[in-house]
Amino acid sequence: MRLKENLEKLPYFYEVAKLGSMKKAAEAIYITQPSLTKSIKTLEQALGVELFIRQPRGVVLTNEGKILFDYCHELFHSISDVEEKLHNPLDANAGHLRVGTYESIAAYFWPKFLHHFSEIYPKLNIELTTGRSAHIQSKLEQNELDISLIVAPKKSPNLIIEKIFEDSFFLYKSSDSKFKIETAPLILMPEAFSDLEHNEVAVFSQLQKRHLFKTSSLETVKELTQEGLGLGLLPGQVAKKLVKNKKLKLVNIENFPKNGIASHDISLAYLKQQHSKPLIELLIKEIKKSL
């Protein structure tokens with residue numbers, strides 16, 4: 001194997017692996033597709049393994065390709081950290097962290113936190129990625145992220161998971177709404193209620209007898225509720241600021257539990273191999289202080 005003699009080809013390989021396409025990668029890094037294909041072939045010959053399986057609509061990584069991709073991902077992330085350290089050699093808190101988070105948490109937690117965090121640690125750059133919790137956890141386990149703050153992460157032998165707080169869904173209405181609570185439509189994201197406790201099923205079934213507005217995101221539930229289109233089922237933390245600003249009101253109806261339904265954990269998760277890394281420990285400490 002002669003990887004050391006072909007290190008300049010690793011960024012090409014990495015771009016192809018991320019985009020799943022020779023054509024798209026060539027366009028992204030501004031070289032011709034034949035030149036890119038030749039570089040990948042040279043790299044494969046140097047390593048003595050195939051890195052991609054060629055398909056009619058792109059390429060996918062072989063098992064060997066996945067191993068190299070993981071190392072490249074870690075390498076290029078480490079290079080970003082080195083660059084920060086070189087520009088700020090006397091600042092122990094200089095660096096770069098890739099953070100993943102659930103979309104609704106991104107809306108209610110991160111703006112205020114990042115404003116505060118950036119003032120204290122101006123040389124520590126945060127790259128924030130949002131998405132559904134399962135997607136974010138997948139990216140974390142593939143070492144594409146350093147740490148995540150997500151809803152109910154699945155147990156994994158590769159991860160350390162720390163529960164930060166617990167939240168539940170409650171009913172809210174617009175402060176300006178004029179409709180009757182008893183007949184108002186229900187606005188909800190169905191995906192959030194796929195794993196209810198036994199004693200919550202009857203409550204949820206009764207709610208669904210109303211006219212329904214179904215959405216694929218909590219942010220849409222929040223917006224529709226503010227517009228006065230019905231009762232919105234929202235996590236307490238998502239609605240908290242709007243209630244404080246008197247944009248939404250908590251609604252109590254008969255048989256709806258006072259402690260809400262669909263309780264869920266908000267947790268930090270990070271790879272075990274990242275444990276004790278100073279910058280990750282620093283971010284965890286600040287997040288815990290804020291929540």
Side-chain angles (χ1 to χ4, degrees), residues 1-87 94-103 106 110 124-148 150 154 156 158-159 216-217 219 269-271 273-274 277 279-280:
M1 290 191 183
R2 301 190 304 277
L3 178 58
K4 187 167 62 173
E5 299 168 14
N6 291 275
L7 294 178
E8 78 283 356
K9 297 179 178 65
L10 290 182
Y12 295 167
F13 159 78
Y14 187 61
E15 200 67 29
V16 175
K18 285 196 298 180
L19 296 176
S21 165
M22 292 284 186
K23 181 180 178 181
K24 290 179 181 178
E27 292 172 351
I29 55 182
Y30 303 105
I31 66 171
T32 65
Q33 189 172 338
S35 295
L36 177 59
T37 301
K38 183 179 179 181
S39 292
I40 297 299
K41 192 66 178 176
T42 301
L43 183 60
E44 289 180 321
Q45 290 173 347
L47 294 173
V49 297
E50 287 192 350
L51 299 171
F52 295 103
I53 299 171
R54 278 70 174 174
Q55 296 182 333
R57 295 188 177 182
V59 295
V60 295
L61 289 166
T62 62
N63 288 334
E64 293 80 5
K66 290 176 182 177
I67 292 171
L68 183 59
F69 178 79
D70 287 342
Y71 276 104
C72 283
H73 201 84
E74 185 66 24
L75 171 64
F76 296 142
H77 176 53
S78 297
I79 288 173
S80 295
D81 265 348
V82 170
E83 289 175 343
E84 292 291 341
K85 292 295 184 185
L86 289 173
H87 284 99
H96 182 89
L97 285 177
R98 304 160 300 170
V99 181
T101 191
Y102 185 57
E103 290 159 341
W110 287 101
L124 178 49
N125 294 322
I126 302 293
E127 178 186 336
L128 194 63
T129 299
T130 65
R132 297 295 175 86
S133 290
H135 175 66
I136 292 296
Q137 181 166 344
S138 175
K139 290 177 75 69
L140 180 66
E141 296 205 57
Q142 291 170 20
N143 206 20
E144 295 180 33
L145 297 168
D146 298 306
I147 189 169
S148 67
I150 52 178
K154 305 296 183 185
S156 166
N158 302 317
L159 298 180
S216 59
S217 80
E219 288 307 299
Y270 50 97
L271 290 168
Q273 66 199 53
Q274 301 278 37
K277 285 194 174 183
L279 292 183
I280 289 181

task: Would you check if the side chain of Thr62 reaches a backbone N or O of Glu50 as a donor-acceptor pair within less than 3.5 Å?
output: yes
field: Backbone of Lys154 reached by a side-chain donor or acceptor of Gln137 within 3.5 Å
entry: yes
- request: Take Ile31 and Tyr12 through the side-chain contact (heavy atoms from CB on, under 4.5 Å) test and state the conclusion after the steps.
  value: CA-CA 10 Å; Ile31 66 171; Tyr12 295 167; 4.3 Å; yes
query: Once the angle between the rings of Phe13 and Phe69 is folded into 0 to 90°, is it parallel (under 30°), tilted (30 to 60°) or perpendicular (over 60°)?
result: perpendicular
- prompt: Given the rule in the side-chain contact (heavy atoms from CB on, under 4.5 Å) test, do Leu61 and Ile67 qualify, once you have shown the distances and angles that lead to the verdict?
  reply: CA-CA 9 Å; Leu61 289 166; Ile67 292 171; over 6 Å; no
- prompt: Rounded to the nearest 0.5 Å, what separation is found between the CZ atom of Arg132 and the OG atom of Ser216?
  reply: 5.5 Å
field: Backbone N/O of Leu51 and side chain of Glu44: donor-acceptor pair under 3.5 Å
entry: yes
- prompt: Between Glu15 and Lys18, is there a side-chain N and carboxylate O pair less than 4.0 Å apart?
  reply: yes
- request: May I have the step-by-step check of side chain to side chain donor-acceptor pair (under 3.5 Å) for Gln142 and Ser138, ending in yes or no?
  value: CA-CA 6 Å; Gln142 291 170 20; Ser138 175; 3.1 Å; yes
query: Say you draw a straight line from CG of Leu43 to CD of Glu8; how long is it, rounded to the nearest 0.5 Å?
result: 9.0 Å
statement: OG1 (Thr130) and CD1 (Ile150) are apart, to the nearest 0.5 Å, by 13.0 Å
- prompt: Between the main-chain N or O of Phe52 and the side-chain N or O of Arg54, is there a donor-acceptor pair closer than 3.5 Å?
  reply: yes
message: Before you tell me yes or no, could you show the steps for Thr129 and Arg98 under side-chain contact (heavy atoms from CB on, under 4.5 Å), namely the whole-Å CA-CA distance, both residues' side-chain angles and the distance that decides it to 0.1 Å?
response: CA-CA 8 Å; Thr129 299; Arg98 304 160 300 170; over 6 Å; no
side-chain contact (heavy atoms from CB on, under 4.5 Å) between Leu271 and Leu159, intermediate numbers included: CA-CA 5 Å; Leu271 290 168; Leu159 298 180; 3.7 Å; yes
- prompt: For Lys38, does its backbone N or O pair with a side-chain atom of Thr42 as donor and acceptor, under 3.5 Å?
  reply: yes
message: If you compare all heavy atoms of Thr32 against all heavy atoms of Ser35, which two are closest, and at what distance to 0.1 Å?
response: OG1-OG, 2.8 Å
message: So that I can tick it off, tell me whether Lys139 and Glu127 are bridged by a salt bridge, with the cut-off set at under 4.0 angstrom between side-chain N and carboxylate O.
response: no
- prompt: Which value, rounded to the nearest 0.5 Å, describes the distance between Asp70 atom CG and Glu144 atom CD?
  reply: 8.5 Å
message: Applying side chain to side chain donor-acceptor pair (under 3.5 Å) to Ser156 and Glu141, what does each step give before you reach the verdict?
response: CA-CA 9 Å; Ser156 166; Glu141 296 205 57; 2.8 Å; yes
- line: Value for CG (Leu140) from CG (Asn158), rounded to nearest 0.5 Å, stands at 9.5 Å
Close side-chain approach of Ile147 and Leu97, heavy atoms under 4.5 Å: no
query: Would a 4.5 Å heavy-atom cut-off, applied to side chains only, mark Asp146 and Leu279 as touching?
result: no
- request: Determine whether Leu47 and Leu3 make a side-chain contact, defined as any pair of heavy atoms from C-beta on separated by less than 4.5 Å.
  value: yes
field: Separation of Cys72 SG from Asn143 CG (nearest 0.5 Å)
entry: 11.5 Å
